[in-house]
Amino acid sequence: MILADSSSSSSPLHFWGYFLDHRAEDLRWLWDHTYLSLIPVVIGLVIALPLGWLSRRYGWLYPPMVSISGLLYTIPSIALFVMVPPLLGLKSLDPLQVPIALTVYSVALLVRVVADGLASVPEDVAQAATAVGYKRLSLLFRVELPIAVPVIAAGLRVATVSNVSMVAIAGTIGQENLGRLFDQGKQLSTTGPYYPPIVLGIVLCVLLALTFDLLIVFGTRMLTPWRRAVVGR
Amino acid sequence: MIRFESITKTYPDGTVAVDSLDLEAPSGQITVLVGPSGCGKTTSLRMINRMIEPTSGRIWLDDRDTGRIPAAELRRGIGYVIQHAGLFPHRTIIDNVATVPYLLGWDKKKARTRAAELLEQVGLPAHFAKRYPAQLSGGQQQRVGVARALAADPPVMLMDEPFSAVDPVVRDQLQDEFLRLQSELGKTIVFVTHDIDEAIKLGDQVAVLRVGGRLAQLATPAELLNRPVDAFVAGFVGRDRGYRALAFSTAGRLSTREEPTVRLGAPVPAGTDDADGWLLVVNDADEPQGWLKLGESGADGEVVTDAMLHRGGTLAHQGGSLRAALDAALSSPSGRGVVVEEDGRLAGSLTASEVLALIENPLPQPEPQP
């Protein structure tokens with residue numbers, strides 16, 4: 001960089017210099033942020049699959065399932081982070097604190113997504129699959145879920161991206177991730193506002209979210225060659 | 001053979017969909033279930049492969065009680081074709097067709113070879129194999145649906161309104177090909193439709209069901225048209241059933257009159273003594289092409305061209321039905337129905353009143369073919 005003493009400048013544009021000066025720490029936080037965002041979505045999907053399947057199969061389960069998951073989503077994330085350790089008997093700042101809280105949100109979002117995805121399978125296709133002799137489990141994994149991929153993938157994009165922003169909130173209560181940059185920015189703003197770590201945190205969060213989003217879009221394309229065939233008719 | 005033994009289906013809300021139905025679908029034949037909506041025809045069909053479980057009664061598949069066969073195993077041995085084909089949108093055509101072989105554990109190569117054979121058999125080009133269902137038209141998808149049902153060569157096929165979602169021209173074509181396939185394969189088929197014309201065209205026997213799931217009449221198509229058991233069946237079979245019944249009366253060898261002709265490309269003959277002025281035009285193979293109205297177009301001595309022809313009339317074949325003969329006479333611009341030999345060459349002509357005379361006093365003829 002051109003600036004010799006970049007970390008002393010408080011201009012928002014000097015986030016890059018700030019990054020270079022604290023590279024090891026920032027990269028570690030980026031990595032923490034990455035898996036803290038991803039793992040809850042993966043676990044959330046695994047839990048949401050059977051719940052979504054149940055609420056699709058037993059129609060009366062769907063309305064309460066959707067209401068409960070909607071309510072869970074209205075709990076502010078900071079409150080949930082703080083509540084998790086006492087409720088589960090963990091110590092404060094336990095490494096499981098963030099994954100557990102975010103898994104709750106991911107499940108809340110994905111149950112509905114899975115149920116709607118399964119509902120997107122045309123009735124005659126499901127009927128034909130039963131009639132040719134698929135048993136229940138193979139019907140789900142060989143026919144229904146592959147057809148539900150586009151709907152479920154759309155839900156995964158939302159869950160992943162919102163997790164990136166919620167992980168950052170956990171950073172402000174002391175968990176190690178990119179959220180710590182916001183905390184640093186606040187602490188360094190002693191005489192006046194000190195922007196570089198805050199802007200750096202925003203930039204890295206956005207880049208991380210964009211990367212996840214692109215990966216999911218790409219993965220969906222790989223899994224659904226049949227949808228492109230329709231467009232190219 | 002499929003046999004319904006006092007089958008009843010009552011839904012929890014008390015609706016009776018099927019009411020103590022006794023019915024036998026003989027091996028190697030097409031049994032059509034037909035009736036208005038709410039007559040339980042689809043419910044009856046789906047009870048055969050246990051997509052719906054009967055409330056009481058039993059369904060026998062040859063000497064086996066279907067209720068005692070595990071559902072998935074039973075279904076893999078029964079082909080199933082539905083209205084919109086219900087193809088798997090995420091699989092290629094070839095893999096759609098190979099579905100049941102895969103489920104039965106055939107190796108992939110054998111399953112695909114078999115699927116390719118079937119595509120050919122139902123009249124689809126080989127390059128469709130790698131396409132996805134959404135790239136095919138409705139009629140083509142329906143052919144794939146039939147191929148999928150046939151893949152593991154099941155002795156029994158269930159068909160639920162398979163041709164009713166395609167346009168009339170394609171439907172007619174699919175029906176004809178279906179009959180051709182069946183004449184080669186000889187499956188035991190139960191076919192559901194709401195269309196009485198389709199039932200009469202396809203069925204070896206037709207079961208007419210009335211609302212509430214009761215069997216009104218089980219008969220061959222000809223019997224149904226000639227002797228409906230009651231007002232409901234008569235009404236359902238339709239008003240022009242007398243005319244349609246003629247389709248099942250073979251005319252035998254029609255005695256036709258010789259028809260003066262002119263060849264396509266030959267000069268229009270000068271004043272013919274034929275009073276009505278209609279002259280039949282044939283090609284070099286002696287196959288009828290259409291009618292020429294003398295004095296209407298082209299001066300004497302001009303060459304007969306395609307553009308001059310009236311093509312209104314249908315053709316009746318020697319050995320065909322009385323319905324075809326009457327239709328040829330009624331649709332002919334000259335009033336004389338054109339009859340051709342089996343190979344398409346002109347045999348002669350006859351008028352509607354001559355066909356009517358045949359209907360009133362049938363020629364002595366051998367037993368009609370089954």
Side-chain angles (χ1 to χ4, degrees), chain A residues 49 52-53 56-61 113-114 116-156 216-233, chain B residues 42 45-46 48-52 69-93 95-105 128 130-137 141-142 144-145 148-152 154 157-162 165:
Chain A
L49 276 177
W53 181 81
R56 168 70 189 143
R57 170 140 177 79
Y58 304 100
W60 57 269
L61 273 174
V113 164
V114 169
D116 291 349
L118 293 177
S120 77
V121 177
E123 180 52 40
D124 51 0
V125 172
Q127 199 199 102
T130 310
V132 296
Y134 275 105
K135 294 177 187 169
R136 196 158 286 165
L137 260 191
S138 51
L139 176 71
L140 178 66
F141 285 103
R142 309 289 299 282
V143 179
E144 294 179 314
L145 281 179
I147 295 173
V149 161
V151 176
I152 294 176
L156 284 179
I216 296 174
V217 169
F218 181 74
T220 310
R221 280 178 69 92
M222 291 296 99
L223 285 174
T224 58
W226 47 283
R227 292 183 84 223
R228 286 201 300 289
V230 180
V231 177
R233 183 174 175 166
Chain B
T42 295
L45 186 83
R46 291 190 190 168
I48 298 172
N49 67 352
R50 296 183 55 193
M51 303 275 284
I52 296 174
I69 306 171
E73 185 193 321
L74 173 74
R75 290 171 189 155
R76 288 172 194 176
I78 297 179
Y80 190 74
V81 186
I82 54 176
Q83 190 170 18
H84 295 281
L87 300 182
F88 304 129
H90 60 304
R91 296 207 190 132
T92 56
I93 298 305
D95 285 337
N96 261 283
V97 176
T99 301
V100 180
Y102 288 154
L103 282 170
L104 292 172
F128 274 31
K130 292 282 170 230
R131 294 195 182 176
Y132 288 97
Q135 294 170 290
L136 270 56
S137 72
Q141 290 191 26
Q142 204 49 266
V144 179
R148 180 176 65 184
L150 288 169
M157 297 254 286
L158 308 180
M159 308 184 80
D160 189 359
E161 308 236 7

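The structure presented is a predicted model; accordingly, all values stated were derived computationally and were not measured. Proteins get letters first, then strands, A, B, ... in listed order; numbering begins at 1 in each.
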task: Test A:Leu156 against A:Val113 for side chain to side chain contact (heavy atoms under 4.5 Å, CB included), laying out the working first.
output: CA-CA 9 Å; A:Leu156 284 179; A:Val113 164; over 6 Å; no

message: Show, in sequence, the C-alpha distance, side-chain angles and deciding distance for B:Ile93 and B:Tyr132, and conclude whether the side chain to side chain contact (heavy atoms under 4.5 Å, CB included) test is met.
response: CA-CA 6 Å; B:Ile93 298 305; B:Tyr132 288 97; over 6 Å; no

- prompt: Going through the distances and angles, do A:Val125 and A:Glu144 end up as a side chain to side chain contact (heavy atoms under 4.5 Å, CB included)?
  reply: CA-CA 9 Å; A:Val125 172; A:Glu144 294 179 314; over 6 Å; no

- prompt: side chain to side chain contact (heavy atoms under 4.5 Å, CB included) between B:Gln142 and B:Val81: does it pass, once the steps are laid out?
  reply: CA-CA 8 Å; B:Gln142 204 49 266; B:Val81 186; 3.3 Å; yes

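Using a 4.5 Å heavy-atom cut-off against chain B, the contacting residues of residues 129-137 of chain A are A:Ala129, A:Thr130, A:Ala131, A:Val132, A:Gly133, A:Tyr134, A:Lys135.
One distance of note links CZ of A:Arg227 with CZ of A:Arg221; it measures 10.0 Å at 0.5 Å rounding. Separation of atoms OG1 (B:Thr42) and CD1 (B:Ile52) is listed at 8.0 Å; rounding is to 0.5 Å. Taking CG of A:Leu140 as the reference point, atom CZ of A:Arg56 lies at 12.0 Å (rounded to 0.5 Å).
For B:Arg131, no part lies under 4.5 angstrom from a heavy atom of chain A. There is no contact between B:Leu74 and chain A, counting heavy-atom distances below 4.5 Å. Proximity to chain A is limited to the side chain of B:Arg91, based on heavy atoms less than 4.5 angstrom apart.
When each of B:Thr99, B:Ile82, B:Asn49 is checked for heavy-atom pairs under 4.5 Å with chain A, B:Ile82 comes out on top. Of the listed residues B:Arg76, B:Glu73, B:Gln83, the one with more heavy-atom pairs under 4.5 angstrom with chain A than any other is B:Arg76.
Stacking of B:Arg148 on the aromatic ring of B:Phe88 is recorded, both the 6.0 Å distance cut-off and the 45° axial limit being met.
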